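Heads up: the structure comes next, in structure tokens.
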Amino acid sequence: MKSLLKMMLILFCFFASTFIVLKVSGVLSINDIKTWLNAAKELNVYLVALIVIGLLFLDLFIAVPTLTLILLAGFFLGPYVGGLSGIIGLMLAGTTGYAISNKFGNKLFDTLVKDPNERASAIALFQKRGPVVILLSRATPILPEISACMAGMTKMPFKEFIIYWMMSTIPYACIAAYAGSISTLENPKPAIYAAIGLTGFFWICWWMFNKQTRKVKAASPHS
């Protein structure tokens with residue numbers, strides 16, 4: 001368990017550091033993104049979609065306000081194109097994170113966790129808990145990228161990863177894009193309610209999962 005948490009903490013620090021750098025530098029602020037999308041819309045609606053997809057893909061490397069971006073995609077592009085742009089961007093980020101970690105993650109894992117038994121234990125634990133982590137990763141920023149990288153690093157079968165990633169990503173993007181599409185500058189309530197509702201839903205699911213896990217451990221004769 002400690003080895004798995006160590007790896008996840010290192011990934012968290014990496015992604016969090018990019019968020020701090022962006023905040024301090026003022027690059028990629030929400031106002032910047034709004035300005036870009038406004039300017040792009042004057043040229044071509046597909047340019048707006050490409051910017052949304054590109055920024056969501058970029059979220060794999062630097063922290064981008066994912067939920068806000070998809071809400072804006074719905075506002076500028078409508079529920080269908082906005083939702084599709086969000087899905088494509090999130091799918092690209094997830095599959096790329098998985099692929100990179102699957103190919104190169106072993107070196108990092110072996111360097112940080114020297115004991116082969118600890119590595120095997122950490123891999124087994126993520127393979128057991130990983131599906132739930134991926135499904136509920138939208139509860140908080142950074143966790144989706146961590147879960148995708150951990151899935152690749154621990155050699156979770158790609159078919160299994162992509163199914164759980166899609167189950168987490170597609171409804172999330174569709175709901176956010178729809179909420180953004182029915183929001184206006186005068187009435188931003190749908191977007192606000194969607195942001196609160198989506199985050200709250202995933203947090204409640206996390207709470208229920210942790211509660212059930214504690215019950216199973218308490219009932220286990222080996223606990």
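Treat the numbers as computed from the prediction; the structure is a model and nothing was measured.
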Hey, any chance [X] and [Y] share a hydrophobic cluster, counting ILVMFWY side chains that come within less than 4.5 Å of each other, even indirectly?
{"X": "I88", "Y": "Y80", "value": "no"}
{"X": "L50", "Y": "Y46", "value": "no"}
{"X": "L90", "Y": "L135", "value": "yes"}
{"X": "I192", "Y": "F201", "value": "no"}
{"X": "I146", "Y": "I162", "value": "yes"}

Heavy-atom count around Y164 OH within 6.0 Å, excluding the residue itself: above 12?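 Counting neighbours around OH of Y164, 12 or fewer heavy atoms of other residues, nucleotides or ligands fall under 6.0 Å, so no.
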Heavy-atom count around Y178 OH within 6.0 Å, excluding the residue itself: above 12?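 Not more than 12 within 6.0 Å, no.
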State, to 0.1 Å, how close [X] and [Y] come at their nearest heavy-atom pair, and which atoms those are.
{"X": "M166", "Y": "M91", "answer": "CG-CE, 3.4 Å"}
{"X": "W206", "Y": "A139", "answer": "CD1-CB, 3.3 Å"}
{"X": "A173", "Y": "G86", "answer": "CB-C, 4.1 Å"}
{"X": "G97", "Y": "L60", "answer": "N-CD2, 3.4 Å"}
{"X": "V81", "Y": "A49", "answer": "CG1-CB, 4.4 Å"}
{"X": "L67", "Y": "T199", "answer": "CD2-OG1, 4.3 Å"}

In Å and rounded to the nearest 0.5 Å, what is the [atom1] to [atom2] distance from [X] to [Y]?
{"X": "S181", "Y": "L72", "atom1": "OG", "atom2": "CG", "value": "12.5 Å"}
{"X": "S147", "Y": "F126", "atom1": "OG", "atom2": "CZ", "value": "6.0 Å"}
{"X": "I51", "Y": "L58", "atom1": "CD1", "atom2": "CG", "value": "12.5 Å"}
{"X": "L37", "Y": "L77", "atom1": "CG", "atom2": "CG", "value": "7.5 Å"}
{"X": "T184", "Y": "K189", "atom1": "OG1", "atom2": "NZ", "value": "10.5 Å"}
{"X": "L136", "Y": "W203", "atom1": "CG", "atom2": "CH2", "value": "11.0 Å"}

Member of L56, V52, L69 meeting the side chain to side chain contact (heavy atoms under 4.5 Å, CB included) criterion with S85: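 So the option named by the test is V52.
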Starting from the C-alpha separation in whole Å, work towards a yes-or-no answer on side chain to side chain contact (heavy atoms under 4.5 Å, CB included) for F202 and L143. CA-CA 12 Å; F202 284 112; L143 187 56; over 6 Å; no
Taking only residues two or more places apart in sequence, or in another chain, which ones meet Y98 in a ring-ring contact (aromatic ring centres under 6.0 Å, His included)?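 F158, F161.
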For F57, which residues count as a ring-ring contact (aromatic ring centres under 6.0 Å, His included) partner, sequence neighbours excluded?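 If we apply the ring-ring contact (aromatic ring centres under 6.0 Å, His included) test to F57, skipping adjacent residues, the hits are F61.
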Check step by step if side chain to side chain contact (heavy atoms under 4.5 Å, CB included) holds for N102 and M153. CA-CA 5 Å; N102 186 268; M153 201 176 295; over 6 Å; no
Donor-acceptor contact below 3.5 Å, side chain S183 vs main chain A191: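 The answer is yes, because a donor-acceptor pair under 3.5 Å joins these two groups.
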Aromatic W165 / basic R138 pairing, under 6.0 angstrom, 45° off normal: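 Yes, R138 and W165 form such a contact.
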